[in-house]
2 protein chains.
Amino acid sequence: MSILLAAADVLRCFSSTRHDVTVTDLVALLDMPKSNASRLLRTMRDAGLLETVGDSKRYRPSVLLHQAGQVYRFSASLIDRADAVVARVSAEIGHTGYISVRQGTDIIGVTAHPGRHALRVVTAIGDRIAAFASSTGRALLARLPDDEIRRLYAGGFTPPSATAPQGFDELFARLAAARARGYAESEDEAVRGVGAISVAVGDPVSGDEVALCISFPAAMASAAERAAIITSLGQGAAEIAAITKDPRFIPLSSSIAE
Amino acid sequence: MSILLAAADVLRCFSSTRHDVTVTDLVALLDMPKSNASRLLRTMRDAGLLETVGDSKRYRPSVLLHQAGQVYRFSASLIDRADAVVARVSAEIGHTGYISVRQGTDIIGVTAHPGRHALRVVTAIGDRIAAFASSTGRALLARLPDDEIRRLYAGGFTPPSATAPQGFDELFARLAAARARGYAESEDEAVRGVGAISVAVGDPVSGDEVALCISFPAAMASAAERAAIITSLGQGAAEIAAITKDPRFIPLSSSIAE
DNA sequence: CAAAAAGTTCCATTAAATGGAACTTAAGTT
DNA sequence: AACTTAAGTTCCATTTAATGGAACTTTTTG
């Protein structure tokens, strides 16, 4: 096994709630001999992938990773386009907007636009959430055929709350609904009291697929407002789909029911 | 030599002008046997550090790097604070603002705020420029004692243009001026027709140091506007320095001459 | 100051990285 | 379509690095 896999595992330890790691953290998180953890962190620092925080024993990602990460952000022009749409819709509606991508069964936020409303929803960039239990995830999963989803979730899944899909039947039903309507939604699922509406769009040339999402306090969003979000996101995504000639794009159904 | 060093070298190949690399690119850029380049890229992809663009042979940074890079951005709260100042000044003045950090003799842009003016200056995030030949770089170098700078540039340096410091004497003179005034400036140096004003601030706890910079078309900036930029940046940086108790912070000199 | 926790170094063993060459695949040329 | 060249991959023996247990050092805590 290459040390690169271990290094990537280290990077996966970082999140909005874990800005740095220590040798002991790695031992616990990755179940690794501490001799190994010690050397791995030092080697990653020597390579320039990590840096030590001040002169403490804490390690955090380096500016090199930030730089390379920015390249990802800007190279995937699909993300840029989608981000522009979400920025516009977020500014219009006042709620928080996100762009997310899928990695296997995880969804990762790539960009965010905080809303103006007092009760604004903030999920952090770079955090992973379960794809099947979020509107962004289901918007992206809905682009796949059911058998591919079954393969993806060969190990099954554990619903994080009572409102998340409890099994395959429920997941497929929700995906079918998303496909029929052209958007996915969630309420009270990953985070209590929070609703979200998402659409997905892809670029067949680069293979990228992103979800555009507007998130809001569930109690605060009227039916009219939800309809406005759906229309704006759907139209924006449709414009992108037209540019990329996305063959899997699911346009909004003409009758926006529910 | 660990493969991590090679992997880090690969990441350093990416920039705003090189969004993806191929086996041949690596052979040329890193002077590496192509058998090696081929396996390295594949291994990095398998580890999740890179991803292939569509089904081509091109590799680009993955979302994992973007995620870890975001952690860097937000973990270094100094960057956040400095970014807020630059965002405000950029919005006030209308010119482009940057936050940059130093890595050895290089300066790397971390965040940017495009200006409103028609002639706006855009340098890309994540690109490396020479520290000695930029206002951001000299603002940061001015925080070091001269002998440390001499050690840093033990191998000498090559001026990129006639307006950049041509040797140590000139560099030290400019750094002395920056220390005396509390800000660094450049004009026509890295980019023709572009001027910039920078101040630096650090956090002794984390060891972070950043430069706050406003960049503008040289012909477009009046003396009054420059003075306004200097005052705004200087005051913003001073507030941050007060919070972090930065012992090396150089406040604006009371008489803003030149 | 003692005890515990955290981190580093050492060592033999195991596994991965290396680079040259042969091979395969893709792209351009007549 | 066959030819030529460029680009990428796989194979191999050799060299080098990674591994994990234990001993050791440093730092933190009561």
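Here the structure is a predicted model, which is why all the values come from computation and not from measurement. In what follows, chains carry the letters A, B, and so on, assigned in the order in which the sequence lines appear, proteins first and then strands, with residues in each chain numbered from 1. Hydrogens, waters and symmetry mates are skipped; everything else that's a heavy atom, side chains included, is used.
D:dT19 atom C1' lies 16 Å from atom CG of A:Asp9, rounded to whole Å. Spacing between atom OH of A:Tyr59 and atom C1' of C:dT8 amounts to 10 Å, rounded to whole angstrom units. Separating the CE atom of A:Met32 from the P atom of C:dT8 is a distance of 14 Å, rounded to the nearest angstrom. Distance, A:Met44 CE to D:dA18 C1': 15 Å, rounded to whole Å. In this entry the distance linking CG of A:Leu4 with C1' of C:dA15 reads 14 Å, nearest Å. Rounded to whole Å, atom C1' of C:dT8 lies 15 Å from atom CG of A:Leu26. Between A:Leu30 atom CG and D:dG20 atom P there is a gap of 12 Å when expressed in whole angstrom units. Between the C1' atom of C:dA15 and the CG atom of A:Leu5 lies a distance of 13 Å, rounded to the nearest Å.
In this structure, the nucleotide among D:dA7, D:dT27, C:dC10 sitting nearest to the side chain of A:Lys57 is D:dT27. Here D:dT10 is the nucleotide among D:dT10, D:dA18, C:dT9 with the atom lying nearest to any side-chain atom of B:Arg42. The side chain of A:Ser35 lies closest to D:dG21, out of D:dT9, D:dG21, D:dA18. Ranking C:dT8, D:dT9, C:dG19 by closeness to the B:Pro33 side chain, first place goes to C:dG19. Ranking C:dT9, C:dG19, D:dT9 by closeness to the B:Lys34 side chain, first place goes to D:dT9. With distances taken from any side-chain atom of A:Asn36 to the nucleotides D:dT19, C:dT9, D:dC11, the minimum falls on D:dT19. The side chain of B:Arg39 approaches D:dC12 more closely than any other nucleotide in the set C:dT8, D:dG20, D:dC12.
Residues A:Ser2 and B:Val23 each lie close to DNA chain D; by heavy-atom proximity, the contact nearer the 5' end of the strand is made by B:Val23.
With salt bridges taken as basic N to acidic carboxylate O contacts below 4.0 Å, none links A:Lys57 and A:Asp20. A salt bridge does not link A:Asp208 with A:Arg102: every distance from a Lys NZ or Arg NE/NH1/NH2 to an Asp or Glu carboxylate oxygen is 4.0 Å or more. Here A:Arg58 does not pair with A:Glu51 in a salt bridge; the nearest charged N to carboxylate O distance is not below 4.0 Å.
Under the 6.0 Å distance and 45° angle rule, A:Arg150 counts as a cation-pi partner of A:Phe168.
Distances shorter than 4.0 Å separate none of the side-chain N or O atoms of B:Ser38 from OP1 or OP2 on D:dT10.
Side-chain atoms of A:Arg128 and B:Gln67, non-hydrogen and from C-beta on, do get closer than 4.5 Å to each other.
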